[in-house]
Amino acid sequence: MYEPIRTQSVHSLAAQHWSKRELRHSREEQLDIRLAGHLTALLTVTDELRALTPSGALDDAADRLADLITRLRGSSPLRAAPSADHATPARVDALHQRAHQLAGQALVVAVSAKDTAGEAVAGERLRAHAAALGIPA
């Protein structure tokens with residue numbers, strides 16, 4: 001009377017796909033990927049700040065971030081040309097706030113990954129952006 005279902009459901013196929021996908025990377029590799037992602041976002045904001053408020057300290061920070069990302073990914077990060085059009089104090093503060101948030105996220109992942117170089121760079125950037133925002137360390 002009723003014909004049995006002969007194919008797997010979409011849900012079981014999706015579950016198999018995701019379980020296989022999670023097995024591709026070890027925990028350490030996943031942490032490295034996340035750390036590289038946070039650092040790349042931080043580098044983008046740093047490049048934007050460099051365009052708006054040029055400084056040797058930001059240049060040095062960008063170089064250190066790029067070196068660390070290259071070590072984690074095995075290739076140089078792609079860098080967009082910053083838009084140096086409106087250097088208002090509010091925009092600069094917003095970029096420092098975003099950079100502070102990203103540096104904090106990178107620091108958490110670097111600590112989890114036991115990446116001392118990542119910890120050092122993220123911690124340094126966290127303190128630098130906190131100082132720029134007037135947040136006590």
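Since we're looking at a predicted model, the values are computed, not measured. Because only heavy atoms are used, hydrogens play no part in the values below, and waters and symmetry mates are left out as well, while side chains stay in.
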According to side chain to side chain donor-acceptor pair (under 3.5 Å), who are the partners of Asp93, at least two apart in sequence or on a separate chain?
none
Please name all residues satisfying side chain to side chain donor-acceptor pair (under 3.5 Å) with Asp47, sequence neighbours left out, ordered by chain then number.
Arg50, Arg79
Taking a hydrophobic cluster as the set of Ile, Leu, Val, Met, Phe, Trp and Tyr residues connected by side-chain heavy atoms closer than 4.5 Å, whether directly or through intermediates, do Leu42 and Leu52 fall within one such cluster?
yes
Honestly curious: do Val92 and Leu95 fall in one hydrophobic cluster under the side-chain, below-4.5 Å linking rule?
yes
Quick one: are [X] and [Y] in side-chain contact, heavy atoms under 4.5 Å?
{"X": "Thr70", "Y": "Ser75", "result": "no"}
{"X": "Asp115", "Y": "Leu72", "result": "yes"}
{"X": "Ser55", "Y": "Leu58", "result": "yes"}
{"X": "Asp67", "Y": "Arg71", "result": "no"}

[X] [atom1] to [Y] [atom2] distance, which is reported to the nearest 0.5 Å:
{"X": "Leu126", "Y": "Gln105", "atom1": "CG", "atom2": "CD", "value": "11.0 Å"}
{"X": "Leu39", "Y": "Arg73", "atom1": "CG", "atom2": "CZ", "value": "9.0 Å"}
{"X": "Leu133", "Y": "His100", "atom1": "CG", "atom2": "NE2", "value": "7.0 Å"}
{"X": "Leu65", "Y": "Glu124", "atom1": "CG", "atom2": "CD", "value": "8.0 Å"}
{"X": "Asp63", "Y": "Leu68", "atom1": "CG", "atom2": "CG", "value": "12.5 Å"}
{"X": "Leu102", "Y": "Leu107", "atom1": "CG", "atom2": "CG", "value": "12.5 Å"}

Quick check against the 3.5 Å criterion: does Arg125 have a side-chain atom that pairs as donor or acceptor with the backbone of Val121?
no
Atom of Pro77, atom of Ile69 and distance for their closest heavy-atom approach
CB-CG2, 3.7 Å
What pair of heavy atoms forms the shortest contact from Ala110 to Gly118, and how long is it?
CB-C, 3.7 Å
Test side chain to side chain donor-acceptor pair (under 3.5 Å) applied to His129 and Gln97, Arg98, His96, the passing residue:
His96
Under a 4.0 Å threshold between the charged nitrogen and the carboxylate oxygen, would Arg91 count as salt-bridged to Glu48?
yes
